[in-house]
Chemist: 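Dumping the structure here so I can ask a few things about it.
One-based numbering, in listed order, for ligands and for the atoms of each. Worth saying up front: this structure is predicted, and the values here are computed from it rather than measured. Each residue takes its place number in the sequence, starting with 1.
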Amino acid sequence: MSYTSSSPDGLPPVQMNNLKRAHAPLQAELKAAAARVIDSGWTILGPEVEAFEQAWASQAGAAFCVGVASGSDALQLALRALDIGPGDAVLTVANAGGYATQAILAIGARPLFVDIDGDSLLLDLEALRAALSPGVRALVVTHLYGRMAAMPDILALCRAAGVPVIEDAAQAHGAAWEGRPAGGWGDLSCFSFYPTKNLGALGDGGAVCCSDPALATRLRQLRQYGWQPKYHVQLPGGMNSRLDEMQAAFLRVLLPSLEAANTARRQVADRYLAVLGSLPGGTRPVRPAAALDVAHLFVLRHPDRDGLRARLLARGIQSDVHYPCADHLQPGFARRVAQLGQAPLPPAGALPHTESACAGILSLPCHPWLETGEVARVSDALREAWQ
Ligand SMILES: *Cc1c(COP(=O)(O)O)cnc(C)c1O
């Protein structure tokens with residue numbers, strides 16, 4: 001994918017993301033926040049982190065928020081907080097970028113993949129019901145592309161089976177199901193503040209939210225070597241994974257704009273949706289009716305995905321694929337599973353809806369900083385390139 005390619009009319013390409021534009025309106029506040037941290041001389045786990053944790057817990061509808069170094073660490077810490085370890089079986093989907101699988105394998109646990117629903121591309125409830133066998137220690141459910149999975153049904157199934165639920169809400173800041181926010185449903189929820197997420201820092205960051213005070217205490221210990229008190233390691237599985245003061249200060253500046261940014265993303269998505277509706281066979285994954293979409297990504301399906309991408313690029317429109325390779329078919333995961341002495345991952349064909357999605361999806365530029373003219377260019381190019 002050429003970053004510098006320009007469209008036939010000489011305009012710069014429409015980009016998947018543009019962080020310079022994202023930060024420009026808040027530049028003065030961001031610089032003031034950085035100066036505040038530098039002047040304070042306090043860099044790790046201090047007042048900025050505490051203030052952000054409180055604000056984020058309330059945004060996510062949870063009692064507690066524990067700031068950590070990344071979304072990937074958040075997933076690992078959530079699993080460790082539930083005392084999940086080597087050999088334990090954890091359910092997840094295989095079409096969500098591999099982050100949950102990576103965390104499960106990092107702690108030596110065993111990922112068991114549940115197929116997705118072919119229309120929503122989210123966890124399939126019947127497949128979940130079938131997968132909830134005795135011995136399953138947790139479910140990691142991803143709210144993919146900005147849409148929440150059906151948490152009331154998922155929780156009902158998992159509660160009946162005695163299986164705790166971890167939400168991966170790294171693509172769902174501000175999303176909701178019947179008004180209740182992503183992150184406030186499961187036993188634990190994980191967020192990433194990677195710069196291109198709906199709420200992104202100016203570097204890496206993440207958080208785990210929960211409403212059980214005992215879990216929150218464990219998380220605070222686990223993110224700092226398992227210490228309690230300082231220098232005394234009480235818990236197995238401790239890590240160094242802390243949110244720093246600088247990133248927390250930036251996040252406090254950016255948080256008040258989240259809702260407006262989400263609205264802007266939805267408006268872009270609505271424009272593309274209108275275009276798709278007029279194209280033969282144009283489909284976008286179906287959004288569950290109860291879900292408030294925060295349009296983290298605008299994903300659509302096309303029978304000739306790679307051809308469409310090439311034709312879009314020729315018209316100056318970037319695109320991407322989220323994600324091209326299902327987790328059970330990733331060579332690095334297969335090798336990790338072998339290292340751990342686990343049974344091999346399922347073969348190609350084992351997760352038909354997941355695999356067919358990976359082969360046919362593409363993502364269009366969908367972010368709050370697209371100009372109206374750029375959204376129109378993407379829309380026109382989509383019509384011309386569709387065939
Ligand atoms: C980005 C992302 C993560 C990982 O977050 P990092 O901060 O990059 O480690 C986890 N899950 C999902 C669904 C993501 O989109």
Chemist: Flag the pair Arg36 and Glu48 as a salt bridge only when some basic side-chain nitrogen lies within less than 4.0 angstrom of an acidic carboxylate oxygen.
Modeler: yes
Chemist: Which of parallel (below 30°), tilted (30 to 60°) and perpendicular (above 60°) describes Phe298 and Tyr272?
Modeler: perpendicular
Chemist: Nearest protein heavy-atom contact for atom 3 (C) of ligand 1: which residue, which atom, what distance?
Modeler: Tyr99 CG, 3.5 Å
Chemist: Minimum distance, heavy atoms only, to atom 2 (C) of ligand 1: which one of Lys197, His322, Gln171 is it?
Modeler: Lys197
Chemist: Would you mind running through ligand 1 and noting each atom that sits below 4.0 Å from a heavy atom of Thr142?
Modeler: 13 (C)
Chemist: Quick check on contacts: which atoms of ligand 1 are under 4.0 angstrom from a heavy atom of Ser70?
Modeler: 7 (O), 9 (O)
Chemist: For atom CD of Glu384, is the number of surrounding heavy atoms from other residues, nucleotides or ligands below 6.0 Å larger than 12?
Modeler: yes
Chemist: Mind checking whether His296 has a heavy atom under 4.0 Å from ligand 1?
Modeler: no
Chemist: For residues Gln247 and Asp244, is any side-chain donor paired with an opposing acceptor at under 3.5 Å?
Modeler: no
Chemist: Could you check atom 8 (O) of ligand 1 against the protein and tell me its nearest heavy-atom contact, residue, atom and distance included?
Modeler: Ser192 OG, 4.0 Å
Chemist: Geometry only, no angles: is Asp168 polar-contacting ligand 1 at N/O separations under 3.5 Å?
Modeler: yes
Chemist: I'd like to check whether Phe193 has a polar contact with ligand 1, where a contact means an N/O of the residue lying under 3.5 Å from an N/O of the ligand.
Modeler: no
Chemist: Less than 6.0 angstrom separating the ring centers of Phe193 and Trp56, yes or no?
Modeler: yes
Chemist: Output yes when Asp119 and Arg301 qualify as a salt bridge under the 4.0 Å nitrogen-oxygen rule, no when they do not.
Modeler: no
Chemist: Within ligand 1, which atoms have a heavy atom of Ser72 less than 4.0 Å away?
Modeler: 4 (C), 5 (O), 6 (P), 9 (O)
Chemist: Inspect the contact between Glu374 and Arg21 and indicate whether a charged nitrogen and a carboxylate oxygen are less than 4.0 angstrom apart.
Modeler: yes
